[in-house]
Structures are given as C-alpha cells and as structure tokens.
Amino acid sequence: MGSDVEFSNVKGTRDILPEDALVWRRIEEVIRKKMREYNYQELQMPTFEYTELFRKSTGKDTDVFQKEMYTFKDKGGRSLALKPEGTPSVVRMYLQHGMKSRGVFQKFYYIERMFRQEKPQKGRLREFRSFGAEAIGSKSALTDAELIKSALDIMDELGIKGIEVKINSIGCQKCRKEFMKEFKKFLQQKLDSLCEDCQRRFTTNPMRIMDCKVDKRKLIDAPVPLDYLCDDCRRHFSELEKHLDYLEIDYKVDTFLARGLDYYTRTVFEFIHSELGAQDAVGGGGRYDGLIKFLGGKDAPASGYAMGMDRMLLLMPKVKEYREIDIYIVTLDVKSDIIGWELLYKLRENGFSADKDCLGRSPKAQFREADRQNATWTIIIGGEERKKGVVQLKRMKTGKQKEVPLDIEAIKREIKC
Ligand code: HAM
C-alpha cells in the first residue's frame with residue numbers, strides 16, 4: 001500500500017471496539033425491553049431507498065434533503081439515497097405491505113443506522129445510530145404523551161439524567177397558513193439582516209427560520225404558531241399538557257420549536273441536554289397527521305420520535321463494563337488437551353460461555369489468559385485428573401479449588417451451588 005493512502009475510517013463514521021460494543025449492546029437491550037413493555041413492534045428497514053421517498057416526505061426544501069443526503073445513481077440510472085431518517089421508510093413499509101389491515105392503531109420501533117453529510121463534530125456524525133418509535137392510527141394527544149414518556153423511561157433506565165423536554169404545537173395545515181402569512185410579513189422587514197441560510201429559507205422553507213440558532217435574537221418579537229392555533233389544535237395542545245402533567249413529566253413550552261422536517265403537524269417536541277453543546281438535541285419528534293395520505297395511503301394520523309444513540313452514549317454514566325466468560329479450561333499436557341476440547345464443547349452446549357487455549361501455550365500462560373479473560377471459573381485438567389476421571393474447578397475470585405467428576409452434570413451442579 002502506498003504511503004499516501006490514508007488507511008483510516010471515513011470522516012464522520014465511527015469504529016466500535018469490543019469494549020464500546022458492550023455499551024451499545026446495553027443501550028439496545030434497554031430500548032428493546034422498554035419497547036416491549038410499551039407494546040411497540042420492531043421494524044427493520046433497508047439502508048437505502050429511492051430518493052423520491054425522502055423528497056416527498058422529509059421535504060425537498062429541508063436541509064436534510066437539500067444538503068445532507070447521500071444520493072447516488074444505480075446502474076439502471078435510478079436515484080437512490082442512504083436513509084437520513086427512519087420515518088419515511090416506516091410509512092412506506094406500512095403502505096407497501098398493507099399493514100393497515102393488521103389494526104387501526106399500530107406501534108413500531110426501529111434501531112437503525114442513518115446517514116447525513118453534515119460537518120462532523122461532537123455528537124454529529126455522517127453515519128449515526130438512531131432509535132425511533134412511530135405510532136400510526138391515533139390522533140390523540142395521549143399517544144404523543146406516551147411517546148415522550150417512553151423515550152424518557154429509556155433514558156432513565158440507562159442512567160441519563162438532566163434531559164429537558166421542549167414541546168410546541170405548529171398547528172394543522174389550516175391554521176398554519178394564517179401563521180405563515182404573519183410570520184412572512186414579519187420576516188420581510190428583517191430579511192436583509194438574516195443569516196444567509198435564512199435568506200434562502202425565506203423562499204424555500206420559512207418555518208425552518210423559527211429555530212435558527214444564528215438569528216434567534218432577531219426573532220424575539222416574531223409571531224409564533226401557538227398564537228394562531230385553531231380551536232381543535234389548541235384543544236389538542238392543552239390535552240398534551242394535561243397528559244404530561246398527569247405523567248409527572250416536566251416540560252417547557254418552546255414557542256419557537258419548529259423542527260427541521262416538512263411533515264410535522266400539531267405537536268412537536270425535543271429532548272435537550274445541556275452537556276451536548278451545539279448539538280444539544282438527544283432526540284426529537286412530533287405528529288405527522290398528513291404524511292400517510294400524502295404518500296398515497298388512506299388518511300391516518302401518526303406521531304413518533306427518533307433518538308440519536310451516539311448522543312445518548314455521550315450522556316451515559318461512565319461505568320467500566322467488564323468482559324467476562326464463565327469458564328476457561330487450562331490443560332497441563334497434550335492428552336489432557338484432547339479431554340479439554342471435548343469438555344469445552346459440552347460446556348458451550350449447556351449454555352456456558354467457555355474457551356480454552358489453541359496456541360499450545362504453557363499452563364502458566366493459560367492461567368494468565370484465564371485472568372485476562374476475567375473467567376469466573378477455571379477448569380484444570382492434568383495427568384492426575386485424567387487418571388482419576390476428575391477435573392479441578394477453581395473459582396477465580398476466591399481462589400478456592402474443588403475436585404469434581406469429569407461429568408458435565410456434576411460440573412453444572414457445582415457451579416450452581
Ligand atoms: P431528527 O431530529 O432529524 O428527527 O433526528 C433525530 C435525532 O437523531 C436527533 O435529535 C439527533 O439526536 C440524532 N441525529 C440527527 N442527525 C445526527 C447526526 N448527524 N449525528 C448524530 N446524531 C444525529 C428525525 O429523524 C425524525 N424522523 C424523528 C421522528 C420520528 N419524527 C416523527 N417520527
């Protein structure tokens with residue numbers, strides 16, 4: 001390989017080494033456990049989709065679609081995109097597989113990798129892990145509250161403290177029109193002073209200007225959607241507040257929270273953590289009552305959220321997780337080694353994590369390896385043991401050793417004591 005070849009991972013991706021993989025597994029286990037408790041079913045989606053799906057759902061004028069998507073042409077000239085978010089795929093799967101017939105109300109979750117070509121920094125990657133939950137078929141604010149509660153429960157179980165919940169309502173198609181008229185009037189007067197991105201958004205996606213971090217101070221007196229909600233949307237929002245109060249969830253109403261994706265209606269929410277710095281959203285979501293119909297399905301309300309798992313990881317308490325195996329077999333000579341291999345497979349068949357040396361190492365080196373592997377037990381087999389048809393079973397923590405018949409049932413009994 002030439003010295004000019006950079007042999008490292010691609011910028012914005014991350015390598016997960018075994019010790020990190022343990023933490024990832026823990027995050028996934030907690031997500032799956034909680035999602036089962038909340039009765040959400042798992043979906044697994046493809047890595048790439050037709051670009052058109054995201055143009056129609058994420059929105060052609062959003063930053064995600066315009067600037068951040070990885071798109072490419074396949075050999076047939078079709079435009080494909082690595083998925084930047086999961087909601088469009090969930091809706092596509094729901095429609096394509098006629099999943100409505102399974103019930104009027106269904107709840108799904110997914111743990112998937114997403115791809116966004118953003119400038120990498122702390123908590124912002126180009127390939128990131130994301131967990132999402134989507135509830136299709138309910139227009140009730142109860143569902144929005146349940147979604148918020150499920151995310152908080154997961155973070156709580158992972159020991160993530162200090163999450164701030166922000167909520168807002170951006171109204172329905174009907175009342176949003178009224179708000180947009182006033183908002184655009186307000187923006188028109190300040191247009192020259194807005195940042196470059198917002199000047200562009202003014203024509204493409206003015207809603208996105210609401211949560212621009214650069215122009216935040218200039219918008220302080222701007223009209224906000226909450227003041228333009230129709231009666232139904234207002235009622236929906238106060239129900240959400242009532243349910244969150246009932247669930248004893250602390251939240252802040254952020255009248256400028258708009259979220260950057262096109263499909264939202266009514267409820268929007270975000271989970272914020274101050275320790276994350278500039279990328280302070282651990283997750284976010286909201287209601288998308290119009291999307292299913294827009295993508296060709298029968299009208300169905302829906303709501304959901306997604307969490308950035310890489311950001312969750314940054315917030316988790318740093319506890320060192322140890323790799324452990326149940327049993328390491330140490331053999332003292334070649335004949336014992338053959339018995340050791342037979343026993344090894346029996347132990348594994350019986351559900352133990354077990355291993356032994358395959359490099360012909362000395363007994364001393366094998367004992368060192370048992371320590372390195374954090375084995376709970378070591379089984380020692382030598383000439384004496386062979387003659388007597390026994391093994392030495394040593395509990396590594398206490399150093400206590402006991403002679404046990406070379407019999408899987410006898411070993412199991414001893415280990416269980
Ligand atoms: P989103 O806010 O675009 O929402 O992304 C969800 C979360 O993914 C973010 O809050 C953040 O934690 C994480 N995230 C986004 N971009 C990156 C990145 N470049 N690196 C690391 N983490 C990142 C959605 O994706 C919607 N689909 C959520 C939703 C579901 N709404 C309704 N249903």
Side-chain angles (χ1 to χ4, degrees), residues 10-14 27 31 40 43 45 49 53-54 57-59 62-70 82-94 107-136 138 143-144 146-148 150-151 154-155 160 163-168 170 208 211 257-273 275-292 300-316:
V10 175
K11 201 171 155 194
T13 64
R14 71 188 290 175
I27 298 179
I31 291 170
Y40 282 68
L43 288 178
M45 55 192 70
E49 299 269 5
L53 176 69
F54 301 111
S57 40
T58 307
T62 58
D63 284 354
V64 173
F65 185 85
Q66 291 245 322
K67 298 190 195 166
E68 298 164 9
M69 268 202 336
Y70 283 94
L82 298 184
K83 61 184 187 310
E85 56 141 343
T87 312
S89 302
V90 170
V91 174
R92 177 193 58 71
M93 287 162 86
Y94 176 83
K107 304 193 277 190
F108 305 107
Y109 80 95
Y110 47 89
I111 299 173
E112 293 278 343
R113 287 170 191 236
M114 305 296 169
F115 306 85
R116 293 187 192 180
Q117 200 157 351
E118 294 186 88
K119 200 162 180 240
Q121 51 179 265
K122 182 185 165 195
R124 192 205 266 164
L125 292 153
R126 291 183 169 171
E127 178 190 36
F128 61 97
R129 287 156 181 77
S130 158
F131 138 66
E134 315 284 352
I136 301 182
S138 158
T143 303
D144 303 354
E146 181 192 271
L147 283 159
I148 292 172
S150 69
I154 287 168
M155 288 189 278
I160 300 172
I163 297 285
E164 193 188 328
V165 181
K166 283 187 180 172
I167 62 167
N168 193 19
I170 55 170
R208 191 73 183 93
D211 51 14
L257 181 66
R259 312 250 320 125
L261 311 167
D262 262 9
Y263 44 67
Y264 290 117
T265 50
R266 291 190 168 167
T267 311
V268 284
F269 54 87
E270 237 160 30
F271 303 102
I272 302 294
H273 200 291
E275 274 169 34
L276 286 173
Q279 309 303 316
D280 61 358
V282 203
R287 191 152 270 291
Y288 47 99
D289 290 342
L291 184 61
I292 293 173
S303 186
Y305 67 83
M307 309 295 294
M309 290 164 70
D310 301 84
R311 296 185 190 175
M312 286 163 72
L313 185 89
L314 289 172
L315 298 173
M316 273 177 63

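Atoms within each ligand, like the ligands themselves, are counted from 1 in listed order. These numbers were taken from a predicted model, which means no experiment stands behind them.
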> Taking only residues two or more places apart in sequence, or in another chain, which ones meet Tyr110 in a ring-ring contact (aromatic ring centres under 6.0 Å, His included)?
Replying inline: none
>> Using 0.5 Å steps for rounding, measure from the CZ atom of Arg116 to the NZ atom of Lys67.
In response: 13.0 Å
> Among side-chain atoms of Glu146 and Tyr40, is any donor-acceptor pair under 3.5 angstrom?
Replying inline: yes
>> Do Met312 and Ile27 have side chains that approach each other closer than 4.5 Å (heavy atoms only, starting at C-beta)?
In response: yes
> Taking any residue with a non-hydrogen atom under 4.0 angstrom from an atom of ligand 1, which ones do you get?
Replying inline: Glu85, Thr87, Arg116, Glu118, Gly123, Arg124, Leu125, Phe128, Glu134, Arg259, Leu261, Tyr263, Tyr264, Ala281, Val282, Gly283, Gly284, Gly285, Gly286, Tyr288, Gly304, Tyr305, Ala306, Gly308, Arg311
> Partners of Glu164 by side-chain hydrogen bond (donor to acceptor under 3.5 Å, both in side chains), sequence neighbours excluded?
Replying inline: Lys252
>> Run the side-chain hydrogen bond (donor to acceptor under 3.5 Å, both in side chains) test against Thr143 and tell me which residues pass, sequence neighbours left out.
In response: Ser138
